[in-house]
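All remarks here apply to the structure that follows.
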Amino acid sequence: MLHLLQKPLEAPKPSRRTFLKMSAGAVGGLIIAAKMPNAAKAAADAGEFVQPFVHIRPDNTVVVLSKHLDKGQGTANGLATLVADELDASHEQILLELAPSNPQLYANSLFGVQGTGGSTAMPNAFMQYRQAGAAAKAMVVSAAAKEWGVPAGEITVSGGVVSHSSGKSATLGELAGLAANEDVPAEPALKTPDQWVYIGKSFPRKDVKNKTVGAPNTYTIDFNREGMLTATVARSPRFGGTVKSFDATEAKKVAGVVDIFQIPNGVAVVAESTWPAIKARDLLEIEWDDSAAETRSTDAMMTELKDMTTKPGLKVREDGDVDAALDASAKVMEIDYDFPFLAHGAMEPLDIVGEFDGETAQFWFGSQIPTIDHNVASTILGIPFEKVSINTLWAGGSFGRRAQGDAHPVSEISFLLKAMREAGMDPRPVKIVWTREDDMAGGYYRPMSAHKIKVGLDGDGNVTAVKYNIAAKSIIKGTAFEPMLMPNGVDHNMTEGASDTTYSFPMMNMDQAFQETPVPVLWWRSVGHTHTAYVMETMIDRIAKETGKDPVALRLELLKDDPRKTNVLKLAAEKAGWDTPLPEGRHRGVAVHKSFGSYVAEVVEISFREDGTVKVEKVTAAVDCGVPVNPDNIRAQVEGGIGYGLGAILRNQVTLSDGYVEETNFDTYESLRISDMPEIDVHIVASTEAPTGIGEPGTPPIGPAVANAIAAAKDEWITSLPFTKAGLV
Amino acid sequence: MSVTLKINGETRTLDADPESPLLWALRDELGMTGTKFGCGIASCGACTVHWDGMPIRSCQTMVGDLEGAEITTIEGVNGKAAKAVQEAWNELDVPQCGYCQSGQIMAATALLTDTPKPTDEDIDAAMDGNVCRCATYARIRKAIHAAADKMEA
Ligand code: FES
Ligand code: FES
């Protein structure tokens, strides 16, 4: 028997009001510790120190809870580095955990809600986690002072051992219960940078061991609950389509299938395990209603975007009468660029586990914006926010894919749990598994975009004006983020990296236009910078070529007001030997870009294989991300960010044919592979500025640096991505 | 249908659809979740296990073909090469998200068992089927060389 909901429901979007409500109270002072709630009191009696970010257990382990989702970028370890340093814990005793959803305790202080993105983890948490570590240390010291009858000022902590010159000493674990009863200091004293033992030095990743032995229960896909079912969902093959009717007769015959339900965005097959859920779904016969669906091909969508760039749009930046300035210029360069949809292709496809007994609901998954997920689940299930809990699990990558403003995975599973309940099923946990095809053909792409730039030059080759028109679907418009991020109707996520450039052009105007399409789009590692850096940085090289200047020299000239960018550019150029001759067959290119507060310059060396395809041999990068909290992780993120950007620029695109996705798996959406990976040399500026993010900033410069190297070699400028279109891959 | 085979040295009987990929039998029937699902079409290597020491894609290996097979997974991989690989992976902090790394380690172990002193070309040839979306490739390469050195020492 099939259980159909009376009528397919629309997933509720968090409204502007609920979003503001969610944010209220979360912004304001940083939370570092909480006054003794009852649970913490009970823990103290059991010898445990329990605070929002730090737990010290009697067994002498120190758990640091990351309020941010760790999807590979090393955030949990980075935040633990801060706590361990201020607490003077040992590296060995630290354990990493991901905090559950709790907007009161775990809000991102830059967002006002709990969420991870925009490379904000370290910048928003740097002071908070240090203070949390310092507060814990002060409480431990104060407890030891009372216990030993000595002045607190005479007690030292080092490597997790608390000691006094009298010979008394104890571990953090031994003092945990007593420390828990101490008052939380309002403003614990922080170390000065010269006292740091881990920050800026080394704190190897504590999550690596589990990831080299296939440890259980690490990722959502591995998570298991007693009696858990597994579901797959057949979703519309065209974006915006809905189920008209379906026949599940054959699907129901597959051994292991438990039941089949229609939910708002498709048909869910619920089975005892994964394989029957996959097998049975293929046997569903579904008729789709495409009346509201996207039925165009990406070619037609690109034609529309290009047309939009020829017309005035919404003003993003307006320095003056740019048309007049261009008219008065000795020469005008006009260049059109186009960029495709990109899938995130995180290694672990989407997944989520949930259970619902009619009154309370629990979820387990890699939630990137838990506050929205939490709110959506409580709305759909019709239970109070407090009756929902979200447990955060490690994610096998994300690159933005798990940061959904519409909370679609939690919305889908909530509708399924509700349908199961309404059908009278015993409450059993269920896991929804996305296959690679579900994930890749499921949308939420980096938006495709068209760019038109006009650059005016005077008789001496100086830039007179830049006119920049961009068109794409807005990631923000129509989501819960719109009120916060588009106060004047302008979407800065689309234009970041261009409209805010620090190149000192006498005049620059930028207009944007929004494409309307049901294809869902989303943040993709470095967001607007994925295309603006490419445009700006290849534009600079074209100006250099046109005016006979050296690409590094021209940049330095135009960056006279940006010392940090100047510095990384010089450093990368020096380390790469920019001014030294290259061996036969090698060519160089450069790009420098600031994103998410961090500055990255990359110099690439390329060669061409016998068949004419390009091989990126080497990348020399220079990075300024403020205080380098964990230098080795910064190197790792820059290496990975370069590889991620390079793979995309070389050969990735998602195309639609009559609305159907053509690239649905890694055979057609070909990932960067080890044989494509260049040698990468990362140099980190010893900055004392406040730390900024590093998950994304390595990605934007690689595309234009490679394009500039190709142009240096062949005088061929690639303006239509990916490079496969130019026959270079 | 029931199939009897050895997994990590233990005799196991799988009572499963013969068309079921080994991957899902391992993960769902036996609860061994170290072997990962990435693509299901032999394009990513996340599901790599050893069959008589040879790296294979468990997503495209059907349970019905495995009577009498000897399978090794990340949970059971052992020996000199595996140990050296896991040590090098830890020393160089290779994993980021880590999701591909079971497959990478199985592929690298098979490579080093066969070719204890691989060149960069050997590494490219053996490891090109293993996708890492976090692009930890530079460290994978370094770690394979480091593991080779360890095996020699
Ligand atoms: S899951 Fe088997 S190769 Fe990708
Ligand atoms: S470490 Fe994330 S996919 Fe390889």
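Naming: A, B, ... by sequence-line order, numbering from 1 per chain.
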For this session: Using the side-chain hydrogen bond (donor to acceptor under 3.5 Å, both in side chains) rule, take A:Asn665 and B:Ser43 through it: C-alpha gap first, then chi angles, then the decisive distance, then the call.
Result: CA-CA 8 Å; A:Asn665 206 322; B:Ser43 278; 5.4 Å; no

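- Residues of residues 12-36 of chain B lying within less than 4.5 angstrom of chain A, judged on heavy atoms, are B:Asp17, B:Glu19, B:Ser20, B:Pro21, B:Trp24, B:Arg27, B:Asp28, B:Glu29, B:Thr33, B:Gly34, B:Lys36 in numerical order.
- A donor-acceptor pair is defined here as one N or O able to donate and one able to accept, closer than 3.5 Å; no such pair exists between the side chain of B:Arg133 and the backbone of A:Leu672.
- A side-chain contact (heavy atoms from CB on, under 4.5 Å) with B:Asp93 holds for exactly one of A:Asn633, A:Asn630, A:Val208; it is A:Val208.
- Within residues 68-78 of chain A, the residues that have a heavy atom under 4.5 Å from a heavy atom of chain B are A:Lys71, A:Gly72, listed by number.
- Remark: B:Lys150 NZ is packed, more than 12 non-hydrogen atoms of other residues, nucleotides or ligands lying under 6.0 Å away.
- Side chain of A:Arg436 to backbone of B:Gly40: no donor-acceptor contact under 3.5 angstrom is found.
- Atoms OG1 and CD, from B:Thr136 and A:Glu639 in turn, are 9.0 Å apart once rounded to the nearest 0.5 Å.
- Below 4.5 Å, heavy atoms of chain A meet heavy atoms from B:Gln96, B:Cys97, B:Gly98, B:Tyr99, B:Cys100, B:Gln101, B:Ser102, B:Ile105, B:Ile123, B:Asp124, B:Met127, B:Asp128, B:Gly129, all part of residues 96-129 of chain B.
- Across all their heavy atoms, A:Phe666 and B:Gly38 have their closest contact at CE1-O, 4.1 Å.
- Residues of residues 57-70 of chain B lying under 4.5 angstrom from chain A, judged on non-hydrogen atoms, do not exist.
- Scanning both residues, B:Asn130 and A:Arg673, for their nearest heavy atoms gives N-NH1, 4.1 Å.
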